[in-house]
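Just below is one structure, and these are the notes that go with it.
Computed from a predicted model, the values in this text were never measured in an experiment. The sequence lines fix the lettering, A, B, ..., with proteins before strands; numbering per chain opens at 1.
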Amino acid sequence: MEFKPTIVAFLCNWCSYTGADLAGTSRMKYKPNIRVIRVMCSGRVDPTFVYKSFREGADGVLICGCHPGDCHYQEGNYKCLRRFKLMKKYITQMGIEPERLHLEWISASEGKQFAELVDSMTERIKELGPSQVKQVAETLAI
Amino acid sequence: MEEPRIGVYICWCGTNIAKMVDVEQVTEQVSKLPHVVVSKNYKYMCSDPGQELIACDIQEHKLNRIVVAACSPRIHELTFRRALEKAGLNAYLFEMANIREQDSWVHDNREEATRKAIELVAASISRVKYHEPLDKRSVTINPATLVIGGGVAGMSAALEVANAGREVYLVEKSDRLGGLVNHLDLTYPYLYDAGSMLETLLRRTLNHPHIKVFCDTTVEKVDGFIGNFTTTILTENQQPVTLTFGNIIVSTGLKPFDASRVGEYGYGRLPDVLTSVEFEDMLRSGQILTRSGKPPQNIAIIHCVGSRNTEFHEYCSRTCCQVALKFANQIRTLLPDSNIFDLYADMRAFGKGCEELYTETSRKNITFMMFDQQKEMPQIIRSIDPADPHMLIFFREKISGLGLEVPADLIILMVGMEAHEDVKDVAHAVGISVCGNQFFIEKHPKLDPVATTTAGVYIVGNCQGPKGIPDAISQAKAAAARVLATINQGSVFVEVTTAQVNEAICCGCQTCILVCPYSAIHFDQNKRVSVVNEVLCKGCGTCGSTCPTGAIRSKHFTDQQILSQIAGLMEMTLKIN
Ligand SMILES: Cc1cc2nc3c(=O)[nH]c(=O)nc-3n(C[C@H](O)[C@H](O)[C@H](O)COP(=O)(O)OP(=O)(O)OC[C@H]3O[C@@H](n4cnc5c(N)ncnc54)[C@H](O)[C@@H]3O)c2cc1C
Ligand code: SF4
Ligand code: SF4
Ligand code: SF4
Ligand code: FES
């Protein structure tokens, strides 16, 4: 059976979520594997949200925020970037391929970039194949 | 927690959603989820009968949580929150699933789109279980208004507000009010005098007892929120002044495109190639002359300079065609025997009185010709004879396909409009966004065109997109009406999705204080815990994801709500797989 990855995406309300909406109003087409969860700022993305997504079976996790300097709350995206680097290290130690977690800046006008991002990320995750996290965690009962 | 009783409503949005998403199937699938009491679909959920449907079900089925799957929450979340309130339910016991902008409109496989909708709705259902009622906070409105940018739009907005007896601070970057209209001679379509119109506006603005004008000044940073903004500006003589105000109107305009970027036209190199703005100045001087001081015999006007061109700006600047027609008329009056060539890419003489101006102008012996901007730009060259100051324009006439040569001793470039360099600084200062063309983004292009997503901040005139004076002033007056309505209300309700510290869990590490961009958290030395000032907190949630002990609740975006959303989503995903 064809592998249909699930990508959980955390989008900040002000730039990235609006950019994703713009892809819609412009009727751009992209791969249907993404599931968006809205947060007010990328700075709100708690590492537990990312770990929980993998733990529950997500094959990839995407975080999108405003471009550097454009955060609606001044610097939430810088905090997100710092945390992202730690999260990458952490998931690698947990045995998750670091490519499964991705961070990208998407502005309110970048509907096209968002659509392209979803397509390229979906391709990348397809190449990696299904994530084993949930299964392993269940076998180990953690 | 009371037992959740959830009502789920799937919107068709006419065919916008229903065409790509099998709404019946979604309704059916999610109806089996725990706590779902009713699951329905309807043609237009946002319509009155749609909202009525929710209200009736709340009464009849004692619902205490509502999920609507429809368009983006950025469009109708507020509509549905109000519907809940009317039906006696707290507005925050509601969640929206975006199955239009982020589903039916972006996919072309009905099965996949339907599946995605089911998962998104399941996630929302799982989240809404943990929603809790939040109290609204009422803030009083400071009746003063800040207007940034003193062109015709800014002045009109300021006058409208001030005429209602309210204070206005008008901040202008340059040394004078008036903006671009300072350059204009006559205005299209009726060829009225721009100077006298501007003069009236200036006089009223400068003499108004309720308007305080600050020239040579910009606004670097605004603190606060609707009703209670503050900023400190430096006046002309470098005096810091702190202003407090309840609303902001941004009217910073646009600037003319830099014509030297179009190599083909030789602007800056060829002395008799002018921009439309420079030609306005020339018209105001009352004479049309070449650099050598002679009246030109052959005059050419070239449209779409920097506009509608993928290399520069793809958008249409929306005024230059009409301005070109205005010029053709004025040249014909001043130089009755000259040859006038108008080279356009498309003639866009839209707007009241403008097509009529085109018809009238075309009777005045003016040669209109079309070129194909996408294929081949016209080229301007100096004629070879050094004694002869004339230039030649080479171009391919679009309809006939013929290569033509037009002589000219004066060429006017109809430059487009583009954003000022500091547009992002202004956007950051007041907390609004710009679109890909660097115009400020309105809250909704049709339903709310002068408001922005930041409450209390409005955008008017050219900074929202290129436009003529009548449209710029209409927007200014519309925004003024919005501001006055808010001031008259006296107070508004603001979001209460702030952070809150659970004092029992806080270990006093103060990490949250370090990360808060608004200094909204302080440390209570007695209790040895951090405390959030709800008035300063803007609800970004950064402290919540930083706190090592989990003591901070980001209201309406709590860990529990989001983790449950993830769980609900993934459960449904695996079930379908
Ligand atoms: C050549 C030409 C001819 C035209 N002819 C016509 C015509 O005949 N009829 C017609 O209807 N329209 C015409 N227009 C269009 C007209 O100029 C605009 O509609 C009008 O200028 C828009 O007014 P505005 O107040 O929005 O912007 P502007 O006139 O651009 O005013 C904006 C003001 O904001 C100030 N500002 C900018 N940034 C800041 C900042 N950061 N802080 C503080 N202040 C700032 C600027 O200095 C300026 O004073 C013409 C335009 C051009 C270029
Ligand atoms: S108004 Fe006319 S000249 Fe100006 S950009 Fe649009 S089509 Fe070109
Ligand atoms: S980060 Fe958390 S534990 Fe530390 S002071 Fe702030 S609220 Fe308390
Ligand atoms: S939510 Fe953001 S603004 Fe509010 S206290 Fe926390 S960090 Fe500060
Ligand atoms: S609001 Fe977009 S990253 Fe902070």
Could [X] and [Y] be called an ion pair, given the rule that one side-chain N must be under 4.0 Å from one carboxylate O?
{"X": "B:Glu119", "Y": "A:Arg35", "result": "yes"}
{"X": "A:Glu116", "Y": "A:Lys112", "result": "yes"}
{"X": "B:Arg115", "Y": "B:Asp22", "result": "no"}

**Request:** Spell out the residues in residues 72-79 of chain B that have some non-hydrogen atom less than 4.5 Å away from a non-hydrogen atom of chain A, in order of number; otherwise answer 'none'.
**Result:** B:Ser72, B:Pro73, B:Arg74, B:Glu77
**Message:** Sort by residue number and list every residue of residues 569-577 of chain B having at least one heavy atom under 4.5 Å from chain A.
**Reply:** B:Leu569, B:Met570, B:Thr573, B:Leu574
**Prompt:** Once the angle between the rings of A:Trp14 and A:His72 is folded into 0 to 90°, is it parallel (under 30°), tilted (30 to 60°) or perpendicular (over 60°)?
**Reply:**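 If you compare the ring of A:Trp14 with that of A:His72, the planes turn out parallel.
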Less than 4.5 Å to any heavy atom of chain B: does that hold for the side chain of [X], its backbone, both, or neither?
{"X": "A:Lys52", "answer": "both"}
{"X": "A:Arg38", "answer": "both"}
{"X": "A:Asn13", "answer": "both"}
{"X": "A:Val118", "answer": "neither"}
{"X": "A:Thr6", "answer": "side chain"}

**Request:** State, with a plain yes or no, whether a side-chain heavy atom of B:Thr497 is found less than 4.5 Å away from one of A:Met40.
**Result:** no
**Asked** Do B:Thr452 and B:Thr454 have side-chain N/O donor and acceptor atoms under 3.5 Å apart?
**Response** no
**Prompt:** Is the closest side-chain donor-acceptor distance between B:Glu418 and B:Gln438 under 3.5 Å?
**Reply:** no
**Asked** Looking at CG of B:Asp223 and CG of B:Leu536, how far apart are the two atoms once the value is rounded to the nearest 0.5 Å?
**Response** 9.0 Å
**Message:** Name the residue from A:Cys41, A:Cys66, A:Cys12 that meets the side-chain contact (heavy atoms from CB on, under 4.5 Å) definition with A:Asn77.
**Reply:** A:Cys66
**Asked** Among A:Gly19, A:Pro47, A:Ala58, which residue forms the greatest number of heavy-atom pairs with chain B at distances under 4.5 Å?
**Response**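 Of the options given, most contacts go to A:Ala58.
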**Message:** Suppose we screen for ring-ring contact (aromatic ring centres under 6.0 Å, His included). Which residues come up paired with A:Tyr30, at least two apart in sequence or across chains?
**Reply:** A:Phe114, B:His107
**Message:** Quick check on B:Asn109 against chain A: is it the side chain, the backbone, both or neither that has a heavy atom closer than 4.5 Å?
**Reply:**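 B:Asn109 has no heavy atom closer than 4.5 Å to chain A.
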N/O donor to acceptor pairs below 3.5 angstrom from side-chain atoms of residues 125-136 of chain A, sequence neighbours left out:
residue: A:Ser131; atom: OG; partner: A:Val133; partner atom: N; Å: 3.2
residue: A:Gln132; atom: NE2; partner: A:Pro130; partner atom: O; Å: 3.2
residue: A:Lys134; atom: NZ; partner: A:Glu138; partner atom: OE2; Å: 3.0

